[in-house]
Amino acid sequence: MRHPLHRRAVLTGLAAGLGACEGRAQSPADPGAAYLALKELAPFPVGVCAESGQLSDLGWRAVADRHFDRITPEFEMKMEVMLRPDGSYAFHAADRLAAYAQATGKRLHGHALVWFSQGAEPFRPLEGSGAPFAAAYRNYIVETATRYRGRVDGWDVVNEPIAEDGDGFRDSHWRRNLGMRHIDLAFAYAAEADPAAMRFLNEYNLESLPAKRRTFLRLLEDLLRRGVPVTGVGTQTHLSADESPATVKAAIADLAAYGLPVHVSELDISTGRAWDRGVLLQQARLAGAVTEAILAMPAAQRYGLTVWGARDRDSVLARPPKAPGDRPLLFDDTGGPKPAMEAVAAALEGA
Ligand code: XIL
């Protein structure tokens, strides 16, 4: 049972934050009120994506070290970084992030072993070769998952296998060379290399596109029916602030209905450039709804909530060529809590 003071501090902060956003004169949150860290409030891991260059950014560390107890490498644990065109490996950046996680007592989520958008260059010489392509595919998954065995809670084993509009499956060099079996093989190789790690099928727009969610769930059902060792559902949950909190909650509940652990794996809530206080409040309501959706699951299914950036400035949505000015995350550019963070904290506090 947490000290009642903390509850007041969290709720005071929320009222001030929301009030400030609505422009009402509010007594500022008690300056002495120390916001409870999200990782202390949450009964599940709260993660943030990370890149090795941020480890020396004191502003990023101030937020990441305090509020999060898991990291997901934003891009440095992907094939485009770890597999050189000549087939050799470059693990140093991913190793730095794994070392940071270990040094700061954080968990680590591996992202991502197989993705349609990665690996075309190093595998180009093997295109159409049959067994050599298949061997190189296995070698990459086993080499990578073995290297981080015992250090990752889980892997996004296959990322974004569904067609953009949800009508069927995405084309890729993996599918062209190995067929849809590339998914079965990836999960089998990941299980072989690190049996204890969770193995996720990870996808985006599952809340916004019911057709995509239906295709994703049909794929999941088929994999599970055939004994493919999928052990978790990853929903990236990249949202726009104008989406319906009720629709998002219902979609996450739909994904949880299969009884597998669910990872909200890449949460950001785009405000666009022309945001105002009202948009920040919409963003807060969505962030709270996502948190409530996770809390509504049985504890065993709550793999965690990962946000795709610590501060707004860290978001991929705020970097060129995206629209500068977007404010998609829980903390502002200075690392201060936004209404979205306060809504997550309030949902956790109310659990
Ligand atoms: C993005 C990262 O944020 C960028 O830094 C990188 O250049 C490209 O990938 N779905 C995913 C993530 O699974 O890996 C993507 O992250 C965003 C979409």
Side-chain angles (χ1 to χ4, degrees), residues 47-55 57 60 63-64 68 70-83 90 93-94 96-97 108-121 140-141 144 148 152-166 169-170 172 174 182-183 186 190 198-209 212-213 216 219 230 232-240 243 255 262-270 290 303-324 326-331:
V48 63
C49 70
E51 58 172 278
S52 57
Q54 290 166 330
L55 303 183
D57 175 341
W60 184 87
V63 177
F68 300 102
R70 182 189 275 148
I71 60 166
T72 297
E74 184 170 1
F75 60 90
E76 290 164 306
M77 212 176 230
K78 292 173 182 170
M79 196 181 277
E80 66 180 351
V81 173
M82 299 206 296
L83 186 61
R96 279 191 64 203
L97 288 166
L108 178 65
H109 181 77
H111 175 76
L113 291 174
V114 173
W115 191 13
F116 77 92
S117 80
Q118 305 268 305
E121 187 183 354
Y140 177 79
I141 294 168
T144 301
Y148 299 102
V152 296
D153 292 338
W155 278 100
D156 292 327
V157 174
V158 172
N159 194 34
E160 303 180 0
I162 309 301
E164 185 72 25
D165 62 1
F169 303 108
R170 204 183 272 278
S172 72
W174 311 125
H182 78 276
I183 297 177
M198 298 282 293
R199 293 176 292 277
F200 287 86
L201 190 67
N202 194 51
E203 187 56 86
Y204 70 95
N205 275 356
L206 297 180
E207 297 85 4
S208 324
L209 294 179
K212 192 167 189 180
R213 185 167 75 247
F216 177 89
L219 171 62
V230 185
V233 169
T235 179
Q236 295 179 15
T237 317
H238 295 293
L239 302 174
S240 299
E243 294 189 52
L255 294 166
V262 174
H263 183 201
V264 172
S265 56
E266 305 178 16
L267 177 65
D268 51 30
I269 304 173
S270 174
V290 170
Y303 180 81
L305 164 63
T306 297
V307 290
W308 210 241
R311 305 160 298 178
D312 285 332
R313 57 185 286 172
D314 301 314
S315 171
V316 64
L317 299 180
R319 289 178 229 145
K322 299 285 187 182
D326 203 330
R327 296 286 183 271
L329 298 172
L330 303 184
F331 295 89

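Keep in mind that the numbers below use all heavy atoms, side chains included, and drop hydrogens, waters and symmetry copies. Numbers here are sequence positions counted from 1. We count ligands from 1, going down the list as the structure has it; atoms in each ligand are counted the same way. Everything numeric in this text was worked out from a predicted model, so none of it was measured.
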Check the pair Arg213 / Glu207 against salt bridge (charged side-chain N to carboxylate O under 4.0 Å, His left out), numbers first and verdict last. CA-CA 7 Å; Arg213 185 167 75 247; Glu207 297 85 4; over 6 Å; no
From CA spacing to verdict: side-chain hydrogen bond (donor to acceptor under 3.5 Å, both in side chains), Ser315, Asp268: CA-CA 8 Å; Ser315 171; Asp268 51 30; 4.6 Å; no
Apply the test side-chain contact (heavy atoms from CB on, under 4.5 Å) to residues Phe68 and Val63: give CA-CA distance (whole Å), side-chain angles for both, the deciding distance (0.1 Å), then the verdict. CA-CA 8 Å; Phe68 300 102; Val63 177; 3.9 Å; yes
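Per-residue contacts place Glu266 under 4.0 angstrom from the following atoms of ligand 1 (heavy atoms of the residue considered): 10 (N), 11 (C), 12 (C), 13 (O), 17 (C), 18 (C). Proximity to Lys78 (heavy-atom distance under 4.0 Å) selects the following atoms of ligand 1: 1 (C), 8 (C), 9 (O), 12 (C), 14 (O), 15 (C), 16 (O). Every atom of ligand 1 is numbered from 1 in the order shown, and the set under 4.0 Å from a heavy atom of Arg319 is 5 (O). In summary, the atoms of ligand 1 found under 4.0 Å from a heavy atom of Val316, numbered by their order in the structure, are 3 (O), 4 (C). Here is the list of ligand 1 atoms found below 4.0 Å of a heavy atom in Asn159: 11 (C), 13 (O). For ligand 1 and Glu160, the ligand atoms under 4.0 Å from any heavy atom of the residue are 10 (N), 11 (C), 13 (O), 18 (C). The contact set between ligand 1 and Trp308, taken as ligand atoms under 4.0 Å from a residue heavy atom, comprises 2 (C), 3 (O), 12 (C), 14 (O), 16 (O). Proximity to His111 (heavy-atom distance under 4.0 Å) selects the following atoms of ligand 1: 11 (C), 12 (C), 13 (O), 14 (O).
Annotation: atom 7 (O) of ligand 1 to nearest protein heavy atom, Phe75 CB, 4.6 Å. Protein heavy atom nearest atom 3 (O) of ligand 1, with residue, atom name and distance: Glu74 OE2, 2.6 Å.
Note that the CG atom of Leu209 and the CD1 atom of Ile162 stand 11.5 Å from one another [nearest 0.5 Å]. In this structure, CG in Asn202 is found 11.5 Å from CG in Leu113, a value given to the nearest 0.5 Å. Taken from CD in Gln118 to CD in Glu160, the straight-line distance is 10.0 Å, to the nearest 0.5 Å.
Sorted by first then second residue, the salt bridge (charged side-chain N to carboxylate O under 4.0 Å, His left out) pairs that include residues 309-318, not counting sequence neighbours, are Asp57-Arg311, Arg311-Asp314, Asp312-Lys338.
For Lys78, the salt bridge (charged side-chain N to carboxylate O under 4.0 Å, His left out) test picks out no residue, with sequence neighbours left out.
Contact annotation: for Asp156 versus ligand 1, there are no heavy atoms closer than 4.0 Å.
By the definition of a contact as any protein heavy atom under 4.0 Å away, atom 5 (O) of ligand 1 is in contact.
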